[in-house]
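Remarks on the structure that follows.
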Amino acid sequence: MTEKLLQYLWNYKVFKNFDFKDIEGNSVEIIHFGKWNKNAGPDFLNAQIKINGLLLAGNIELHVRSSDWIFHNHSQDPNYRNIIIHVVFQHDIEIRELTVKQVPTLELHSYIDENIISKYEKLVDGEEFIACEKIFDPKKLPVNFHEESILKKLDEKSSELEQSLHQYKNNFEAVLFHSFAYSFGLKVNASIFRQIAESIDYSIINKIRQNPLQLEALLFGISGWLDKPQDGQMKIWKKEFDFIKAKFSISDLKFHPKFLRLRPPNFPTIRLSQLAGLYRQQNLFSKIMEARSAEQLYTIFSSVKASEYWDFHFNFGSISKVQPKTLSQDFVDLLILNSILPLQYAYHRYHKEDIADEIIALYKTVSGEKNTIITSWKKHGLKVTNALESQSLIYHYKTYCEPKNCLACTIGYKLLKE
C-alpha cells in the first residue's frame, strides 16, 4: 500500500462497504469525502462527517500508518489544525495530540479489497511497455478518449506558449518562428535551433526575410559556419552576414548545430536553409492561422526547399549528386502537429468557440506518426489511422504509462475497479 493509492481509493470511494467505524468502535458516516488536494496541506479539503450525532466539517488527512503523522511533522504545521478525522490504512500507534483534540482515527485495512492492492503492485512493478500489458483491453478505452487526450495536450502546450508570448510581448509571429526552428531541428538540434531563433530579434527576421540570401546567411553565421569560407558561395554568405551583423548590432554569440548520427537530408545545413526558404513567403502567419484543412497547410509547404547551393551539397564545400532538398510529406506532418496546430489552438481559443472541434477535425486529416510507441500500441490491438489517434496515444504513454501514473489514467481506473 502507498499513500498515493490510499488517496486514490478514498477519492473514488473504492471500498468493500461503507459501514465505517473508528478505532474506538464509533460509527462514522462520511457525508462528503472532500476535494482531493494535490498541493501542500491536508489530502482532502472541505469534507463532512457525522460521528456520535455530531456533524463535523473540515479537512481529512490520509496516511499508510498512523505514525506517519509524526514522521511528516504535521504536529507543528498550522495547515493541519482543522483535521476532522485521521484516515489510515493501518493503525500502529496512538497520536496523542489527536486524541486530546478528540479527532477520530479511521483504519481502512478491512474495508479495502486486497485484490486491488495486489493488482496495483503488479502494475507499478512490471517492466512491460505499459504497466497493464497483461490485462489491457482495447475495448476499455473510454468514449472520446483520443479527443480528450489531445485537448489535455493542447491545454498544456498553450500554457507553455503563453509563457513565451509573455516573454516576447504577445508577438505570435515570433513565437511561431521559434517553434518552427525547434521543429526543423528535430531531436538532435531542436534546442540549438530554438536558441539560434531566439537569439535574433524577430523584427530583424521580418526586415530581411524577403531576401533569402540574407536570412540564410544570418542563420549560418550564428551557427558559426562562415568563419572560414570554403568556396565562392560561402564568401557571399559571409559578406552578407558581416553586413547584417554590423547593421543590426548582432552579438558575437554562436551556436553550433550537430551533425553526428544524422542522415544527410536532416543535416542542420539543409534544415536551416529550408527554414529560411519557408520564410520567403508573404503573409505566412496569416495563411497558417487561417488554414482549416491539411490540404491548405500542405499548399503552404509545397514549394519550400533549400536554396540552389544545396541542390548539389549536403555540407559546405563538398559536392554531392544533384538532388533538390524539398520537404517530405512526413516532415511537413511533423511541422503541422508540433508547431502549427498547438499555436492555432492557443491563438484562437479565447475568441473562437468552436476552435477545439476544428483542431480535432484537422488532426484527423493528418497521417499518424510511425514510431516505436505507436508500433507497440498496435501490438496491443489498437488501430491508429490518423494523427488524432497517434498523438493521443503518444501523449498518454508519456504522461501516464511511462511514469506509471496508473492512478491518474482513465484506463487504469477501469482496470483497477474490475
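In what follows, residues are counted from 1 in the order of the sequence shown. These numbers come from a predicted model, not from an experiment.
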Exercise for review: State which residues pass ring pair (Phe, Tyr, Trp, His ring centres under 6.0 Å) with H109; sequence neighbours excluded, sorted by chain then number.
Suggested key: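 Result, ring pair (Phe, Tyr, Trp, His ring centres under 6.0 Å) vs H109: F89.
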Review point. Sequence neighbours excluded, which residues qualify as ring pair (Phe, Tyr, Trp, His ring centres under 6.0 Å) partners of F18?
Key: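 Scan of F18 (ring pair (Phe, Tyr, Trp, His ring centres under 6.0 Å), adjacent residues dropped) gives F15, F20.
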Please list, chain by chain and in numerical order, all residues satisfying side-chain hydrogen bond (donor to acceptor under 3.5 Å, both in side chains) with [X], sequence neighbours excluded.
X: H380; answer: E133
X: N46; answer: none
X: K21; answer: S27
X: S183; answer: S339

So, [X] and [Y], do they make that salt bridge, N to O below 4.0 Å?
X: E160; Y: K157; answer: yes
X: K245; Y: D252; answer: yes
X: E162; Y: R349; answer: yes

Point to revise | Member of I288, N338, L343 meeting the side chain to side chain contact (heavy atoms under 4.5 Å, CB included) criterion with F180 | key: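 In the set I288, N338, L343, the residue that makes a side chain to side chain contact (heavy atoms under 4.5 Å, CB included) with F180 is I288.
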Practice item. Take W69 and E97 through the test side-chain hydrogen bond (donor to acceptor under 3.5 Å, both in side chains) and record every step on the way to the result. Key: CA-CA 10 Å; W69 179 276; E97 68 173 288; 3.2 Å; yes
Let me have the donor-acceptor pairs involving side chains of residues 163-172, under 3.5 Å, with sequence neighbours excluded, atom names and distances please.
unit_1: N171; atom_1: OD1; unit_2: E173; atom_2: N; d: 3.1
unit_1: N171; atom_1: OD1; unit_2: A174; atom_2: N; d: 3.1

Review point. In terms of ring plane angle, is the pair Y202 and F177 parallel, tilted or perpendicular, where the classes change at 30° and 60°?
Key: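 The arrangement is tilted - the two ring planes meet at 30° to 60°.
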Check your understanding: When the ring planes of Y309 and F312 are compared, do they come out parallel, tilted or perpendicular, using 30° and 60° as the limits?
Key ->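 Rings of Y309 and F312: tilted, 30 to 60°.
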Exercise for review: Determine, using ring centers only, whether F331 and F301 are less than 6.0 Å apart.
Suggested key: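 Between F331 and F301, which both carry aromatic rings, the centre distance is not below 6.0 Å.
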Point to revise | Centroid-centroid under 6.0 Å between F193 and Y182 rings | key: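 Between F193 and Y182, the centre distance exceeds or equals 6.0 Å.
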Exercise for review: Applying side chain to side chain contact (heavy atoms under 4.5 Å, CB included), name anything that partners E3, two or more places apart in sequence or on another chain.
Suggested key: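 Counting only residues at least two positions away or on another chain, E3 forms a side chain to side chain contact (heavy atoms under 4.5 Å, CB included) with Q7, D43, H63, V64, H72.
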Point to revise | With sequence neighbours excluded, residues passing side chain to side chain contact (heavy atoms under 4.5 Å, CB included) with E148 | key: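 Scan of E148 (side chain to side chain contact (heavy atoms under 4.5 Å, CB included), adjacent residues dropped) gives N144.
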Check your understanding: Are any side-chain N or O atoms of S179 and backbone N or O atoms of V175, one a donor and one an acceptor, separated by less than 3.5 Å?
Key ->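 Not a single qualifying donor-acceptor pair exists.
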Check your understanding: To the nearest 0.5 Å, how far apart are CD1 in I51 and CG in L106?
Key ->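 If we round to the nearest 0.5 Å, I51:CD1 and L106:CG are 9.0 Å apart.
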4.5 Å side-chain heavy-atom contact, [X] and [Y]:
X: L407; Y: L5; result: yes
X: I394; Y: W377; result: no
X: I200; Y: I222; result: yes

Practice item. Please collect all side-chain hydrogen bond (donor to acceptor under 3.5 Å, both in side chains) contacts where either partner lies in residues 184-198, sequence neighbours excluded, each pair once. Key: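 Of all non-adjacent pairs touching residues 184-198, none passes side-chain hydrogen bond (donor to acceptor under 3.5 Å, both in side chains).
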Point to revise | salt bridge (charged side-chain N to carboxylate O under 4.0 Å, His left out) partners of E94, counting only residues at least two apart | key: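 Not a single residue meets the salt bridge (charged side-chain N to carboxylate O under 4.0 Å, His left out) criterion with E94.
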Check your understanding: Please, which pairs that meet salt bridge (Lys or Arg N to Asp or Glu O under 4.0 Å) have at least one residue in residues 279-297, sequence neighbours excluded?
Key ->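 Sorted result for residues 279-297: R292-E358.
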